[in-house]
Chemist: 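What follows is a structure written as structure tokens; I'll ask about it next.
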Amino acid sequence: MLFSTAASTAQDSLAHAPEKVDIGGTILHHITNSNQIEVPFLGYVNLPHFPDIHIAGLTINLSPTKHVVMMWLVALLLLLVFTVLARPKLIPKGLYNLFESIIVFIREEIVRPNFGDKTDRYINYFLTLFFFILFMNLLGLIPFGATATGNIAVTATLAVCTFIVTQFTAIKAQGIGGYLKHLTAGVHWLLWPIMVPVEVIGLFTKPFALSVRLFANMTAGHVVILSLIGLIFVLKSLVVAPISVVFALFIYVLELFVAFLQAYIFTLLSALFIGMGLHHAHDSHHDEAGHEAAHH
């Protein structure tokens with residue numbers, strides 16, 4: 001997508017040589033969401049537009065956008081890949097070994113240290129989260145693709161999913177009383193007006209950090225690559241062209257690594273946040289047991 005966008009920019013530049021190339025507009029067009037997708041041999045194709053739905057003063061529009069289409073493609077790809085990989089194989093090889101290594105790594109290095117004997121109960125959520133983010137990241141690096149994780153609405157929705165699982169797990173493990181007690185941080189009741197708002201704000205900063213981190217990292221790389229390519233058309237120098245292309249290729253390779261890294265970080269932080277609810281319940285039980293033992 002990046003280099004196809006740059007190529008179209010070059011064609012426009014050659015066709016309208018005296019005109020100034022709008023690099024900023026090209027970058028914004030690439031990284032922002034729209035109602036058009038780029039299809040090989042067809043160019044830009046308009047997506048269907050549905051009328052607005054009004055419910056209780058809210059306006060909802062279910063028209064598909066470029067990033068929604070990318071998420072549909074990712075869901076379809078995941079379904080196809082894991083349907084094929086789920087078939088029993090006596091001698092695993094190739095992609096089967098690669099995916100098996102990633103799944104074992106997520107289970108043993110990310111989920112099990114945070115969930116212990118409850119690993120199997122939560123592993124499906126984290127595997128889905130990791131591969132969904134990874135495939136969205138990678139799809140934006142191929143020609144005619146777009147990075148859905150470069151949309152703050154997409155990353156915020158993923159973070160909200162983790163937030164809901166986190167609160168549900170904490171309430172289930174600690175009970176309503178233990179959950180509310182945790183919000184007081186165990187301080188004297190006179191300090192509750194200070195500690196409770198701080199703890200509540202802390203609950204929402206975690207999903208905020210998750211969504212902004214993924215969105216910013218996936219957007220930044222695309223902006224850097226397009227900016228480097230854009231230097232060729234801004235400076236109009238043959239000396240700059242090879243330097244820009246080499247640096248853009250370097251950043252592109254780096255983006256492949258970032259695609260895996262950001263999927264890993266989002267999954268790891270989600271496991272830490274959700275696992276904290278279980279650890280608080282475990283610590284509370286130990287404290288109560290310790291108090292009872294000391295009393296006796």
Side-chain angles (χ1 to χ4, degrees), residues 1-12 23 25-47 64-85 94-99 101-102 127-155 157-158 214-230 232-233 244-267:
M1 177 66 180
L2 295 172
F3 291 102
S4 64
T5 303
S8 62
T9 304
Q11 290 173 357
D12 293 342
I23 299 300
T26 303
I27 294 174
L28 283 176
H29 178 74
H30 170 73
I31 64 175
T32 55
N33 204 3
S34 70
N35 293 315
Q36 291 181 322
I37 58 171
E38 193 173 5
V39 180
F41 310 111
L42 296 178
Y44 287 100
V45 176
N46 291 323
L47 295 168
T65 63
K66 176 174 64 177
H67 289 158
V68 170
V69 172
M70 289 298 117
M71 285 190 285
W72 288 346
L73 285 176
V74 168
L76 183 62
L77 278 173
L78 288 175
L79 185 64
L80 292 174
V81 167
F82 284 98
T83 299
V84 172
L85 294 178
L95 281 178
Y96 190 99
N97 278 337
L98 173 65
F99 279 92
S101 302
I102 295 174
L127 288 176
T128 304
L129 195 63
F130 176 84
F131 284 108
F132 191 62
I133 294 174
L134 177 64
F135 275 49
M136 282 195 290
N137 293 345
L138 293 176
L139 211 59
L141 296 176
I142 63 175
F144 305 104
T147 309
T149 44
N151 186 329
I152 189 67
V154 175
T155 58
T157 303
L158 293 171
L214 180 58
F215 160 74
N217 279 285
M218 295 315 300
T219 302
H222 291 239
V223 172
V224 171
I225 292 174
L226 288 170
S227 299
L228 288 170
I229 297 295
I232 300 171
F233 308 106
S244 294
V245 170
V246 168
F247 274 98
L249 285 173
F250 172 74
I251 299 295
Y252 185 83
V253 173
L254 193 62
E255 278 289 283
L256 285 173
F257 171 71
V258 171
F260 282 86
L261 180 65
Q262 291 307 316
Y264 164 73
I265 290 175
F266 196 100
T267 309

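Nothing here was measured: the structure is a model prediction, and the numbers come from that model.
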Chemist: Do side-chain atoms of S244 reach the backbone of I229 as a donor and acceptor pair under 3.5 angstrom?
Modeler: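 No, the answer is negative, given that no donor and acceptor are paired below the 3.5 Å cut-off.
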Chemist: Between L226 and H30, is the side-chain contact (heavy atoms from CB on, under 4.5 Å) condition met? List the steps.
Modeler: CA-CA 9 Å; L226 288 170; H30 170 73; 3.4 Å; yes
Chemist: Taking all heavy atoms of N151 and all of A153, pick out the closest pair and write down the distance.
Modeler: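 So the minimum-distance heavy-atom pair works out to OD1-N, 2.9 Å.
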Chemist: Between L141 and H222, is there a side-chain heavy-atom distance shorter than 4.5 Å?
Modeler: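 Side chain of H222 against side chain of L141, heavy atoms only: contact under 4.5 Å found.
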Chemist: Any heavy-atom pair between the side chains of I232 and V245 that's under 4.5 Å?
Modeler: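 Contact flag for V245/I232 side chains = yes.
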Chemist: Give, for atom CG of N137 and atom CD of Q262, the distance between the pair rounded to the nearest 0.5 Å.
Modeler: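 One gets 7.5 Å once the value is rounded to the nearest 0.5 Å.
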Chemist: More than 12 non-hydrogen atoms from neighbouring residues, nucleotides or ligands closer than 6.0 Å to CZ on F247, yes or no?
Modeler: no
Chemist: For the CD1 atom of I31 and the CZ atom of F215, what is their distance to the nearest 0.5 Å?
Modeler: 7.0 Å
Chemist: So, do F131 and V81 sit near enough that their side-chain heavy atoms are less than 4.5 Å apart?
Modeler: no
Chemist: Does a side-chain heavy-atom distance below 4.5 Å link V154 with M136?
Modeler: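 Yes, side chains in contact.
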Chemist: Would you give the length of the straight line joining atom CZ of F257 to atom CG of L254, rounded to the nearest 0.5 angstrom?
Modeler: 7.5 Å
Chemist: So does T32 get a backbone contact from the side chain of K66, meaning a donor-acceptor N/O pair under 3.5 Å?
Modeler: yes
Chemist: So do V84 and L95 actually touch side chain to side chain, heavy atoms under 4.5 Å?
Modeler: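 Contact flag for L95/V84 side chains = no.
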Chemist: Is the number of heavy atoms from other residues, nucleotides or ligands under 6.0 Å of F82 CZ greater than 12?
Modeler: yes
Chemist: Heavy atoms, side chains only, cut-off 4.5 Å: are P64 and W72 in contact?
Modeler: yes
Chemist: Just verifying a value: how many Å separate L256 CG and L138 CG, rounded to the nearest 0.5 Å?
Modeler: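 If I round to the nearest 0.5 Å, the distance is 7.0 Å.
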Chemist: Ignoring hydrogens, what is the shortest heavy-atom contact between A148 and M71? Give both atom names and the distance.
Modeler: CB-CG, 4.0 Å
Chemist: Working to the nearest 0.5 angstrom, can you tell me the gap between N217 CG and T155 OG1?
Modeler: 11.0 Å
Chemist: Can you check whether F144 reaches V39 side chain to side chain, under 4.5 Å on heavy atoms?
Modeler: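 Counting from C-beta outward, F144 and V39 never come under 4.5 Å.
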Chemist: Answer whether the closest heavy-atom distance between the side chains of F266 and T149 falls below 4.5 Å.
Modeler: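 Answer no - side chains too far apart.
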Chemist: Return the CD1 to OG1 distance between I133 and T128, rounded to the nearest 0.5 Å.
Modeler: 10.5 Å
Chemist: Restricting to non-hydrogen atoms, name the atom on F130 and the atom on I102 that form the minimum distance, rounded to 0.1 Å.
Modeler: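 So the minimum-distance heavy-atom pair works out to CE2-CG2, 3.5 Å.
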